[in-house]
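Here the structure is laid out as structure tokens; the discussion comes afterwards.
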Amino acid sequence: MKRIQFMAIVAASLLWISPAQAHGDEEHGEAASAVVSDAASKDIQAAQGHGDTAADHDGAKGQDADEGDKGVVGVLKSLHPATVHFPIALFFMAALTELFIIARKGTGLEPAVRVLVYGGAAGAVAAAIFGWIHTGLWFGGDTAMQVHRWNGMLIAVLGLAMAYLASRASASRTPLRAAIFAMAALVLVQGFLGGELAHGANHLGISWL
């Protein structure tokens with residue numbers, strides 16, 4: 001009887017100890033797995049963070065380079081629209097002043113026309129140069145672009161010729177006047193074509209073709 005009781009006690013003890021040990025091992029295994037998982041996650045995050053940092057660094061370098069190029073090139077390209085206003089205004093004022101001289105002789109405004117022509121010629125050359133910078137060495141484009149490009153070159157060349165005529169102390173102003181009034185017409189066409197390119201076809205509701 002005592003033997004049976006002893007065996008029952010041993011069996012009960014084994015039944016109690018075995019689950020306890022098994023549960024303890026499972027918790028330890030889960031804890032170890034959790035530690036390993038956390039370490040692996042940290043390693044992966046670190047690797048990803050390092051990769052993102054390298055990518056961000058490379059992207060930042062590329063962005064800085066692009067911004068540097070965009071800064072210099074962008075300023076140069078923006079100077080074409082900024083410079084075209086000067087020759088337009090100066091050449092138109094030269095034409096209006098010359099008309100005033102024709103209407104009222106002896107006004108003494110000839111030096112004013114000379115200064116306006118000089119300024120317009122310089123502005124036309126600058127606008128043509130920055131126009132080529134704006135598009136690059138590109139000869140494509142539609143009809144409006146082609147006429148605008150080469151009409152701008154004609155304005156620059158004619159402006160230099162006008163400056164030469166204005167510098168001559170000649171009794172006859174006929175060649176200079178013809179050039180001034182022709183320039184006013186060319187500048188009018190050029191301004192319209194520039195609006196076509198900047199704001200779209202028929203931006204004034206008028207077709208130039």
Side-chain angles (χ1 to χ4, degrees), residues 70-209:
K70 185 181 294 183
V72 175
V73 176
V75 169
L76 292 177
K77 287 185 176 181
S78 67
L79 289 178
H80 176 64
T83 54
V84 296
H85 303 287
F86 296 99
I88 291 173
L90 293 173
F91 283 140
F92 271 129
M93 284 304 301
L96 291 175
T97 307
E98 192 64 30
L99 284 175
F100 190 78
I101 292 173
I102 293 172
R104 300 185 62 179
K105 297 182 182 299
T107 55
L109 294 176
E110 289 82 4
V113 174
R114 187 183 303 116
V115 172
L116 292 170
V117 168
Y118 289 164
V125 172
I129 291 173
F130 286 113
W132 283 103
I133 295 174
H134 184 76
T135 60
L137 293 177
W138 174 64
F139 298 95
D142 56 7
T143 304
M145 183 65 205
Q146 293 290 345
V147 176
H148 182 77
R149 177 185 293 118
W150 299 115
N151 190 55
M153 294 298 295
L154 177 60
I155 288 173
V157 173
L158 182 59
L160 293 176
M162 287 171 55
Y164 171 73
L165 292 174
S167 66
R168 296 177 61 187
S170 175
S172 176
R173 293 180 65 85
T174 302
L176 178 60
R177 285 174 179 174
I180 288 175
F181 297 139
M183 177 65 78
L186 291 175
V187 168
L188 183 63
V189 172
Q190 188 73 348
F192 180 80
L193 292 174
E196 290 276 296
L197 295 174
H199 304 292
N202 303 329
H203 67 290
L204 295 179
I206 303 172
S207 177
W208 70 281
L209 292 174

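Owing to the predicted nature of the structure, the values given are computational and were not obtained by experimental measurement. Computation of the quantities below employed the complete heavy-atom set of this structure, encompassing side-chain atoms and omitting hydrogens, waters and symmetry-equivalent molecules. The first residue in the sequence is number 1, and the count goes up from there.
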For [X] and [Y], which heavy atoms make the closest approach, and how far apart are they?
X    : Y    : result
A128 : M153 : CB-SD, 4.3 Å
L90  : G120 : CD1-N, 3.4 Å
A166 : V117 : CB-CG1, 4.3 Å
G159 : A121 : O-CB, 3.2 Å
A124 : I155 : CB-CG2, 3.9 Å
F130 : H80  : O-CB, 3.4 Å

Find the distance between [atom1] ([X]) and [atom2] ([Y]) and round it off to the nearest 0.5 Å.
X    : Y    : atom1 : atom2 : value
R177 : T174 : CZ    : OG1   : 6.5 Å
M162 : L116 : CE    : CG    : 9.5 Å
L99  : F181 : CG    : CZ    : 4.0 Å
H148 : D142 : NE2   : CG    : 11.5 Å
L79  : I129 : CG    : CD1   : 11.5 Å
F139 : M145 : CZ    : CE    : 10.5 Å

With a 3.5 Å distance limit and no angle check, can you tell me whether R149 reaches the backbone of G131 through a side-chain donor-acceptor pair? no
For the pair R173 and E110, find out whether any cationic side-chain nitrogen is under 4.0 Å from an anionic carboxylate oxygen.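 Result for this pair is no, no salt bridge flagged.
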CZ of F86: more than 12 outside heavy atoms within 6.0 angstrom? no
